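Everything quoted here is computed from the prediction, not taken from an experiment.
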Amino acid sequence: MAQRFQLNPKALPTADPLKRVSLIPRSTEQKLAENSDERRPVVPRTHEEKPFGDQTNDHHVAAPAEHNKVMDHETEKLGSHVPKTAAHHPHPSEDLVDANSRHSLVPRSLGHNSLGGRFGPGKKQAFHKNGRPMFSLSDDRVMADRVLTTHTPDMFFFDVISLLAVVDDIFKSHVPSIDASAPKPPLVFKDYADHTSFETFADLIDQIACEIDCKCLHGGESHGMMTSGLHLDSRNTTTFSVLSLVSKYRWDAKLVLVLAALAVKYGVFLLLAETHATNQLTKSLALIKQLPSIFSRQNALHQRLEKTRTLMQDMVDLTTTIIHIYQLPPNHITAAFTDHVPTAVYWIVRCVLICASHISGVSGFKQDQIMSFMEVSEIHENSERLRKINAYLLEQLKKSKSTIEEGIIEEEYQELIQTFTTIIHVDVIPPLLRLLRPIDFLYHGAGASKRRVGINVLTQKHVLLLVSDLENIEKELYILESLYTEAWQQSFEILWVPVQDFWTEADDAKFEALHMNMRWYVLGEPRKLRRAAMRFVREWWGFKNRPILVALDPKGQVMSTNAFPMVWIWQPFAHPFTTARERDLWSEQEWSLEFLIDGTDPHSLNQLVDGKYICLYGGEDLQWIKNFTSLWRNVARAANIQLEMVYVGKRNPKNGIQPIINTIRDENLSHTLPDLFQIWFFWTRIESMWESKQRMLKARGTKGREGFKDGLKEEEKDLVLQEVVAMLGYGGEGDGWGLVSKASDLMVRAKGNLFSRGLAEYDEWEVNIPTKGFLPALNDHLLMRLPPHHCTRFMLPETAGIIPNEVECTECRRTMEKYYLYQCCLE
């Protein structure tokens, strides 16, 4: 009896993912050359070493005993020699047998392909040339070409996904008697009522199973170990034999049918294991198959089945990927797939034979025998191979799907452009449906009265599409809520369309919280909005971070890609938000204090009606504010005028100015705008005036985007635009500024220090008040005190892409230098 030895496996090294390894099994000779200093038993060279060369059907017969001496001089007395475990990861194509084998490692035939023939005395290593192995990419090509010779598909298709799902369920099944220590999956009974009938393929699956079983039983001799059921040199022949049975099917169908045959074999084994103790029929079958004693040794059996299940799962994963590949449009199934799918099919079928051998060979292993290092390595290497192929195909599949998706998005994007620019509609509903599909319902009403309605409720109505994300909408919602009166609702409807690339559960919760109190329409399930629609509103309508208000007339024609500037400036009077209406409104509008504060501070408007002087001021210097308000009180008393002062903060107000507002109110220094939202709205109206003016200049072809200089100098003649630019410059500074006026009278403005100096010098210009008036006298004095040097900053909002290349200083009319400012202010 052969002496038994315990193998001590070493840790498997991690493969270099960047190193290209041929998918063809490496030869034993090649491995010997790489590890010439190791004492290892080697298997004789067989046809497996040349899996895609000429094949013969000759059976191996026992070699004479004297042939044992032909082996390498380092492997004498194989019966008692203890092999050292290779430092590198063994390859499954090696038919290496551990010390538990009862048979000698002497080759059964020593022909020209045998190890002795190649490594005998005076022979050179034929698989090496100039010290390098003679394997190349051509080996993979040879194998793939031979696989292709078995592939003659017809046009017959079937539901491969459903059949694979059934196969996967079988592979994932657990038997309590064997898998007592394994986590038990929930028991879910499936009736498969919705699955396609596979009666047509039952005979073929049986034929494949029979082919595998026959080879497992007769392809090689059993040696009492898992790898013995199917000799490695016959696996290649069997692989192509199985492939020939499914030659007329598509690649994915081949794999599913072969896996189904394995599932039948594996499922029968599990049924016997589960019921042999309680069912007389299965007990008898198990006895014939010599299984009862095996089932009693749970640890060893569990180990073997777990390793086999790992390989089964890798086969299912790779098969699933190949199924997905052949679900692509035919023109996208490129050489990146077709050059590798035959290779993947070959190895999956080959791994099916390995699993079948392990299942068939279970009855031969001994009491408490654990898997040998070679057996574990065989499964491990094949699993790694399948995973690498799968990873590559998944990467190519991801790229292909991305290309397809981008093509679909581009097609839908162009369709939307045609819908809103070229196609003439008779109602607003068709373009809305194309923009918002697949979403087909809206929410309407606030609180408990909110309900779901169809998009058709907007038929023949003016619609304002409020496009925004979930992060930068609170201020606009606050102001819109105050402006959304019955007069608005009679003129047009507002529809909120949230646009975000990614949605989380937190975003869903925030969306629900925001739209619950909205009185206007809200898009239902905005997370389903298509990427083409999001791209359209960004690229064609100019949506970035700030919300926009797209105006559509009852026939779906776009009146304005952003009506917010008109809405902020003129509110409902801007309807229907066309360029012509905007031009008309500006032709009638003059620069005045009433126009500047309209809609932002009702208190100040009431004071204007009463004939009082109104002084607007801002800044963040609290000491200057106290001094400025004190000087004004003294001047108003001395000049005997009624004055109301209003603090309007600065542009982009943050929480940092809230303490200033509190101090002004607590010390009764002046009146302030009600809250930060109203301060934001005051400055947003001024920004909207600038944007609207620039849009008008662009529409008239006066090169408004190029700055304030053009051939006709129309910008220089626009006094409203000049005053708007000056106010925007003041709003960006924190040192303080002031503006005073009375009804439609002259508006006097200046920076903080200059204005304070002018008020402190009241005695010098007081004498001019009787002849000039209060405001002209103050204005003339401030002009005389203008410093020879000044520093004026002007920050423009980046809205609608209207950023002039040149801007003239409001103080000296020279062209200002341009800088780029990136600002992040967190308070």
Would you call the rings of [X] and [Y] parallel, tilted or perpendicular if under 30° counts as parallel and over 60° as perpendicular?
X    : Y    : result
W568 : W680 : perpendicular
F492 : H575 : parallel
F595 : W591 : perpendicular
W624 : F628 : parallel

One thing to verify: whether [Y] and [X] come together as a salt bridge, which I'm taking to mean a side-chain N less than 4.0 angstrom from a carboxylate O.
X    : Y    : answer
R527 : D501 : no
E481 : R519 : yes
K510 : E474 : yes
E412 : R535 : no

Q: Please step through salt bridge (Lys or Arg N to Asp or Glu O under 4.0 Å) for the pair R546 and E687, ending with a clear verdict.
A: CA-CA 13 Å; R546 297 179 56 178; E687 292 178 1; 3.6 Å; yes
Under 3.5 Å donor-acceptor, [X] side chain and [Y] backbone:
X    : Y    : value
D598 : E594 : no
R651 : G731 : no
R530 : P438 : no
T459 : N456 : no
R581 : F573 : yes
Q500 : F502 : yes
H781 : L759 : no
N779 : L782 : no
K450 : H515 : yes

Where is the tightest heavy-atom contact between [X] and [Y], given as atom of each residue plus distance?
X    : Y    : answer
L775 : Y613 : CG-CE2, 3.8 Å
D553 : M559 : OD2-CE, 3.7 Å
L549 : F564 : N-CD1, 3.6 Å
L754 : R785 : CD1-O, 3.4 Å
P498 : L523 : CD-CB, 4.3 Å
W737 : G619 : NE1-N, 4.3 Å

Contact between [X] and [Y] at the side-chain level, heavy atoms closer than 4.5 Å - yes or no?
X    : Y    : answer
L643 : K612 : no
K555 : D427 : no
W503 : F511 : yes

Q) In this structure, which one of W541, W496, F543 forms a side-chain contact (heavy atoms from CB on, under 4.5 Å) with L465? A)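 Only match with L465 under side-chain contact (heavy atoms from CB on, under 4.5 Å): W541.
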**Q.** I597 and L616: CA distance, side-chain angles, deciding distance, side chain to side chain contact (heavy atoms under 4.5 Å, CB included) verdict
**A.** CA-CA 10 Å; I597 62 178; L616 305 181; 3.7 Å; yes
Could you check whether atom [atom1] of [X] has more than 12 heavy atoms from other residues, nucleotides or ligands sitting under 6.0 Å from it?
X    : atom1 : value
E590 : CD    : no
D666 : CG    : yes
W586 : CH2   : yes

Distance (rounded to the nearest 0.5 Å) between [X] [atom1] and [Y] [atom2]:
X    : Y    : atom1 : atom2 : value
T419 : H425 : OG1   : NE2   : 5.5 Å
Q571 : S482 : CD    : OG    : 8.0 Å
I439 : L433 : CD1   : CG    : 11.5 Å
I569 : Q589 : CD1   : CD    : 9.0 Å
E471 : N545 : CD    : CG    : 10.5 Å
M727 : L596 : CE    : CG    : 5.0 Å

Check whether the side chains of [X] and [Y] place a donor and an acceptor atom closer than 3.5 Å, and report yes or no.
X    : Y    : answer
N627 : Q623 : no
T672 : R665 : yes
S692 : E582 : yes
S587 : D584 : no

**Q.** Centroid-centroid distance, Y478 to F681, less than 6.0 Å
**A.**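 Centroid distance Y478-F681: not below 6.0 Å, so no.
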**Q.** Evaluation steps, side chain to side chain donor-acceptor pair (under 3.5 Å), between Y443 and R452
**A.** CA-CA 5 Å; Y443 294 112; R452 287 177 55 153; 5.2 Å; no
Q: Output, in order, the C-alpha distance, side-chain angles, deciding distance and verdict of side chain to side chain donor-acceptor pair (under 3.5 Å) for T629 and Y617.
A: CA-CA 9 Å; T629 54; Y617 71 99; 5.7 Å; no
Q: I would like to know whether I625 and Y647 meet side chain to side chain contact (heavy atoms under 4.5 Å, CB included); could you show each step before the answer?
A: CA-CA 9 Å; I625 291 173; Y647 177 71; 3.8 Å; yes
Q) side chain to side chain contact (heavy atoms under 4.5 Å, CB included) between I661 and I679: does it pass, once the steps are laid out? A) CA-CA 11 Å; I661 297 175; I679 293 176; 3.6 Å; yes
Q. Between W690 and V725, is a side chain to side chain contact (heavy atoms under 4.5 Å, CB included) present by the stated rule, with each step listed?
A. CA-CA 7 Å; W690 179 86; V725 171; 4.1 Å; yes
